[in-house]
Amino acid sequence: MENITTWFSDNQALLIHYAVQLAIALVILFIGKAIAKTINKLFVKSLQKKKVDKAVSGFLASIVYSLMIVAVVLMALSQVGIETTSFVAILGAAGLAIGLALKDSLSNFASGVLIIILKPFKAGDFVEAAGVSGSVEKIEIFSTVFKTGDNKTVIVPNAAVTGGAITNYSMEKTRRVDMIIGVGYDADLKQTKQLLTDIVTSHEKVLKEPAPTIAVAELADSSVNFVVRPWSKTEDFWAVKFDLTEQIKMALDEAGINIPYPQMDVHLNKIN
């Protein structure tokens, strides 16, 4: 007992030093944890304001919070004299190994976060991306689910979606319907243009503004080609295209305006 008392007496200054350092480390842990929680709440609120998916926002918030807690613990350990360089090296090596092992998954996750934050499309939009055309069914963390026009479900990794061009046919409220109508060289161009104009302007789903374009575009090999470019609401695009195609064919037939087949003149030379 006397030896213990003597040891405490001889090392009193050192013990007080370590006690103070331990107290400071505990304060760092307490305050650091409180700050981490506050920052995490602010981060979640900012994601919610941007209408980020709850699953994604929760996952990101947990990662940010974990990183801040690790930093606080390392600061506390350093305060009590524990060498943290080795811990940092181990964590770095572990993070690198995990990153390499989950490279594709992390790439898909990052791409999913970008899709949700940047919003190049949303559920319900008709999109062409990664070689797939269809309506967006769901945007998930690692993949996007498409429903094609012939009712097939296609699941595309998010990295493939963001790795190329994305065409969103539903983003704008209006679309232009591009059509090419070929008539014979013997057709009356003024009559044909007037007929096409009457059909387009009388269609109930064709917009008045912007005005449709109807003009001779090309003197082709076997036909005179008109471009017919009316505008419609995005949801009426296919209805307008199909209706006008049928109505124009019927009107040209009634007016006796020929729609020529592709043709080629073959000249035979007789060899004596």
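The first residue of the sequence shown is numbered 1, and numbering continues consecutively from there.
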Without swapping roles, check the side chain of [X] against the backbone of [Y] for a donor-acceptor pair under 3.5 Å.
X	Y	result
T144	I139	no
N168	P120	yes
S170	F126	yes

For residues [X] and [Y], report the shortest heavy-atom separation together with the two atoms involved.
X	Y	value
V240	K205	CG2-CB, 3.7 Å
V161	A129	CG1-CB, 4.2 Å
A159	S111	CA-OG, 3.4 Å
V72	L29	CG1-CA, 3.9 Å
S223	P260	CB-CG, 3.6 Å
N108	P157	OD1-CB, 3.5 Å

Is the shortest heavy-atom distance from the side chain of [X] to the side chain of [Y] under 4.5 Å?
X	Y	value
T245	M179	yes
V177	F237	yes
V206	T201	no
F226	I248	no
L244	H203	yes
K193	L189	no
L252	I181	yes

Cluster overlap Y169 with V136, hydrophobic side-chain contacts below 4.5 Å: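 They do not share one cluster, since no chain of ILVMFWY contacts under 4.5 Å joins Y169 to V136.
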With a sphere of 6.0 Å drawn around [atom1] of [X], does it hold more than 12 non-hydrogen atoms of other residues, nucleotides or ligands?
X	atom1	value
I180	CD1	no
K33	NZ	no
F30	CZ	no
K147	NZ	yes

ILVMFWY cluster membership beyond I155 - transitive side-chain contacts under 4.5 angstrom: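 I155 clusters with V145.
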Stepwise side chain to side chain contact (heavy atoms under 4.5 Å, CB included) check, F146 with T153: CA-CA 6 Å; F146 292 92; T153 298; over 6 Å; no
Stepwise side chain to side chain contact (heavy atoms under 4.5 Å, CB included) test for Y185 and V224: CA-CA 6 Å; Y185 272 89; V224 178; 3.8 Å; yes
